[in-house]
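Note that ligands are numbered from 1 as they come in the structure, with each ligand's atoms numbered from 1 the same way.
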Amino acid sequence: MSSTLRFKMVDEASKKQPLRIVPPAERPSEFFGRKVFGKDAMKEYLPKDVYRKMCDVIDNAVPFDPAMADAVADGMKRWAMKLGATHYTHWFQPLTEGTAEKHDGFVEHDGKGGMVEKFEGKLLVQQEPDASSFPSGGIRSTFEARGYSAWDPTSPVFVIADTLMIPTIFIAYTGESLDYKAPLKKALYAIDKAATAVAQYFYPDVQRVRTNLGWEQEYFLVDESLYSARPDLIMTGRTLLGHESAKNQQMDDHYFGSIPKRVENFMRDLEIHALELGIPCKTRHNEAAPNQFELAPIFEECNLAIDHNMLIMSVMKKIARKHGFRCLLHEKPFKGINGSGKHNNWSLSTDTGILLHAPGKTSLDNLRFVTFIVETLKAVYDHNGLLKASIMSASNAHRLGAHEAPPAIISSFLGKTVDDLLDHLENNMNDEIKVRSKKALKLDIPSIPELLIDNTDRNRTSPFAFTGNRFEFRAIGSEANSASAMIALNTAVAEALASFKQRVDALIGKGEVKEKAILRIIKEDIKYCKPIRFNGNGYSDEWKAEAKERGLDCESSCPIIFDHYLKPESISMFESQNVMNKFELQARNEIKWETYTKKIQIEARIFGDICMNHIIPVITNYQTLLLDNVHKMEQVFQASEAERLTANNKGIIREISEHETFIIENVNRMIEARKVANVIESNRERAIAYHDTVAPLIEEIRYHVDKLETIVDDKLWPLPKYRELLFII
Ligand code: ADP
Ligand code: MG
């Protein structure tokens with residue numbers, strides 16, 4: 001790209017007329033869920049008994065009766081056609097990033113030479129996409145089994161453009177899961193079972209426990225024309241070079257600032273689409289970094305919330321293009337400013353109320369609160385390394401521990417009130433607690449002022465913070481499928497609750513009164529999982545040292561962190577809760593390591609190309625201009641004067657040569673390092689080689705390229721700079 005073109009693009013970008021979005025005449029409450037086959041649509045399009053059974057499937061986890069598949073499919077088809085749908089697809093979440101779909105038309109031969117629109121139950125319930133290209137970590141080749149997708153009736157179908165989208169799980173014929181949704185559903189089932197059993201100690205009527213998730217999606221917007229001139233953004237989603245601009249986020253003037261008009265139009269358009277798709281968008285604001293924003297819906301049941309997050313990520317990208325933007329979901333698109341995360345607000349609720357809320361009306365309520373808090377902490381403590389593995393990726397690794405996001409150590413912040421409460425229980429409760437009668441339990445829990453609980457001091461440095469009625473798991477990456485973290489967290493909490501129940505029951509079996517038994521186990525667990533509680537500054541170096549002493553996992557190499565999935569305690573956790581077996585875990589890790597390698601490989605390749613084809617030619621050109629100037633000066637001026645007058649340019653010429661030599665030498669070293677790594681057989685070892693020998697070179701070379709950016713004539717610089725990418729909107 002010539003410099004003239006670059007400036008023309010910047011000029012056009014800044015002049016671009018924002019696309020005005022006229023909101024629909026109706027209010028959001030009227031068009032919310034219009035494109036979703038929800039209960040209202042079901043009531044209208046399904047026979048009465050089928051509708052009633054579908055409600056049972058959705059609300060009460062009753063298995064779907066295949067006998068009604070045809071009726072459901074027919075109702076769906078008629079409803080979808082009314083919205084203009086001509087096609088349908090199973091929509092699933094393979095172990096790549098994003099979602100997968102393959103559209104088929106409703107049309108079939110009518111047997112009389114014409115066509116009819118048809119959609120049968122068997123096509124709704126199960127399909128066999130040609131899935132040979134999806135990563136399986138060896139599951140399919142070993143078992144010579146194909147993959148099939150199966151409808152998840154608990155997540156409603158929806159229409160996008162002309163297609164009926166059917167959320168499905170994706171599994172091998174032999175039953176192993178090949179996606180995120182299947183193990184997520186198993187994890188949610190496990191925690192439902194374990195948490196219900198424990199909740200019944202307190203409220204015998206509880207039938208089910210539901211997991212809630214409220215995600216907060218951060219993202220960047222970049223003008224599309226500038227984006228198109230950055231091969232690194234196009235290929236990897238992040239900038240691999242670019243000197244910090246003079247102004248970035250140091251003025252704190254972007255966070256919660258007024259939203260630029262063009263962005264507001266984008267947001268409004270996005271929200272309309274999202275609301276129509278049943279995604280309950282609520283919050284939007286500017287984030288800390290320039291051109292960084294956030295969107296958050298109202299929390300929903302975890303499985304549905306994840307479908308909605310996957311959906312919104314793809315809708316965001318589409319709508320952004322309509323507005324002349326590119327939406328960057330990468331965790332660290334720009335060096336030197338904040339990256340993007342996706343806080344996962346997690347809680348449990350019963351058919352009657354939220355389990356992580358206090359204070360309750362009775363002592364028993366408070367005991368329930370403490371039980372669920374402590375057992376969650378125990379889960380996080382027991383599996384802190386695994387939880388870190390569940391959020392780790394090549395791209396999120398840039399963000400964690402970078403003084404803007406939680407460190408690469410999992411700990412939990414509870415806020416002073418809850419912290420004091422746990423300390424009090426640990427130190428003051430002895431076995432002589434007076435249990436007068438079941439009803440009049442004298443529990444030595446200081447009263448918990450509601451206000452304080454709801455306004456727990458916010459510790460932004462904590463990766464797993466209690467925020468009043470939920471835990472906020474903050475380490476998740478903006479680009480990630482949150483299912484990965486939710487599978488690990490829910491399974492871990494299910495395991496902790498199951499073990500809690502076993503231990504309490506054992507005491508009861510020995511004649512202990514229930515409440516006393518619960519208290520005794522809680523006390524034991526508060527002591528046991530104390531090391532996970534940390535209220536200080538998670539960004540500090542002292543914390544790293546202390547965390548190590550406390551025995552928390554402090555590993556920071558991404559491929560090694562993945563090992564946690566295969567530790568005996570992780571395998572035993574996943575197997576005991578029926579979420580995944582050892583073989584599935586192994587297969588998934590192979591995919592994780594392979595994906596890691598591929599990402600670094602692509603970055604290294606494109607970065608090498610940019611260095612050699614964009615940067616080196618431009619800097620040598622500029623150097624030649626300077627040399628020409630020096631020669632001419634020497635001809636015009638006396639030697640002694642010429643020496644003085646050309647000293648500066650000669651200095652720049654030398655500087656350019658030194659950076660150039662470093663870049664060329666190290667791009668070659670990087671190629672050699674890849675060659676060495678590429679022949680390593682084991683996925684794990686290859687990923688480690690990429691982490692240790694290839695990735696650091698990208699950073700080292702970048703330093704020199706970024707220095708050159710500040711030296712070379714701005715007109716010649718071939719790529720849009722940070723001050724353009726981040727400030728033109
Ligand atoms: P903040 O940035 O202050 O943490 P936001 O309003 O951006 O808060 O996001 C909070 C998210 O937490 C929203 O998605 C909200 O619906 C969700 N949330 C609120 N209460 C709960 C709860 N009990 N369980 C799960 N999620 C919740
Ligand atoms: Mg939050």
Side-chain angles (χ1 to χ4, degrees), residues 28 32 184 187-188 191-192 195 199 208-219 252 254-257 259 267 270-271 274-275 278-289 292-313 316 338-360 365 368-369 372-373 376 380 404-406 412-415 418 450 453-476 478 480 482-483 485-486 489-490 493 538:
F32 177 72
L184 175 70
L188 293 173
I191 197 167
D192 174 2
R208 281 191 70 193
V209 170
R210 184 181 106 141
T211 305
N212 302 305
L213 168 63
W215 42 261
E216 303 163 46
Q217 180 71 51
E218 293 181 342
Y219 61 97
D252 292 325
H254 193 257
Y255 191 61
F256 285 9
I259 300 172
M267 287 177 168
L270 173 64
E271 282 167 11
L275 288 165
I279 305 171
C281 291
K282 183 159 174 82
T283 307
R284 60 183 184 199
H285 62 80
N286 285 7
E287 255 304 328
Q292 191 188 28
F293 307 94
E294 181 183 301
L295 164 104
I298 300 170
F299 70 91
E300 298 176 282
E301 186 279 322
C302 184
N303 175 42
L304 183 62
I306 284 175
D307 280 359
H308 280 168
N309 182 246
M310 297 309 288
L311 184 55
I312 201 109
M313 289 198 284
M316 282 167 94
N338 277 19
S340 302
K342 177 154 50 202
H343 294 179
N344 275 209
N345 294 271
W346 172 92
S347 71
L348 298 173
S349 58
T350 65
D351 5 9
T352 48
I354 293 180
L355 287 174
L356 297 171
H357 197 263
D365 284 337
R368 172 266 306 156
F369 170 74
F372 281 92
I373 294 282
T376 303
V380 174
E404 53 162 280
S412 183
F413 168 80
L414 295 174
V418 181
E450 180 140 28
I453 286 276
D454 277 338
N455 294 313
T456 41
D457 8 339
R458 296 292 183 107
N459 181 332
R460 288 278 163 198
T461 68
S462 177
F464 197 79
F466 182 66
T467 51
N469 55 3
R470 60 189 188 265
F471 279 96
E472 195 169 325
F473 194 4
R474 299 202 179 110
I476 291 131
S478 49
S482 293
M486 287 296 115
L489 176 63
N490 287 309
V493 177

Item to check | N469: numbered ligand 1 atoms lying under 4.0 Å from its heavy atoms | outcome: 23 (N)
Next on the checklist: As a check for students: among S347, G468, C302, identify the option with a heavy atom nearest to atom 22 (C) of ligand 1.
Outcome noted: S347
Checklist entry - Just which atoms of ligand 1 are under 4.0 Å from any heavy atom in G214? => result 14 (O), 26 (N)
Next on the checklist: Please find the pair of heavy atoms, one from S340 and one from Q292, that lie closest to each other, and give the distance.
Outcome noted: OG-NE2, 3.1 Å
Checklist entry - Counting only heavy atoms, which portion of E472 has something under 4.0 Å from ligand 1: side chain, backbone, both, or neither? => result side chain
Item to check | Pair F372-V493, side-chain contact (heavy atoms from CB on, under 4.5 Å): steps then yes or no | outcome: CA-CA 9 Å; F372 281 92; V493 177; 6.0 Å; no
Item to check | Residues S347 and N469: side-chain donor-acceptor under 3.5 angstrom | outcome: no
Checklist entry - Do D192 and R208 sit within salt-bridge range, that is, some charged N less than 4.0 Å from a carboxylate O? => result yes
Next on the checklist: Under a 4.0 angstrom heavy-atom cut-off, which atoms of ligand 1 come close to I298?
Outcome noted: 16 (O)
Checklist outcome for this item: Heavy-atom proximity to atom 6 (O) of ligand 1 ranks first, among T211, N344, T283, for T283
Item to check | Test item: N212 and R470 side chains (from C-beta on) under 4.5 Å apart, heavy atoms | outcome: no
Checklist entry - For E216, is at least one N or O under 3.5 Å away from an N or O on ligand 1? => result yes
Item to check | Identity of the nearest option to atom 13 (C) of ligand 1, non-hydrogen atoms only, from A296, P280, P297 | outcome: P297
Item to check | Shortest non-hydrogen contact from L295 toward C281 | outcome: CD1-SG, 4.0 Å
Checklist entry - Should the proximity of E294 to ligand 1, defined as any heavy atom under 4.0 Å, be assigned to the side chain, the backbone, both, or neither? => result side chain
Next on the checklist: Does the residue H285 have a heavy-atom contact with ligand 1, meaning some pair of atoms that are separated by less than 4.0 Å?
Outcome noted: no
Checklist entry - Side chains of N309 and K342: closer than 4.5 Å at any heavy-atom pair? => result yes
Item to check | L213 N/O under 3.5 Å from ligand 1 N/O | outcome: no
Checklist entry - If you measure every N/O of W346 against every N/O of ligand 1, is any gap under 3.5 Å? => result no
Item to check | Test applied, side chain to side chain contact (heavy atoms under 4.5 Å, CB included); reference residue, M486; option that passes from I191, L184, L188 | outcome: L184
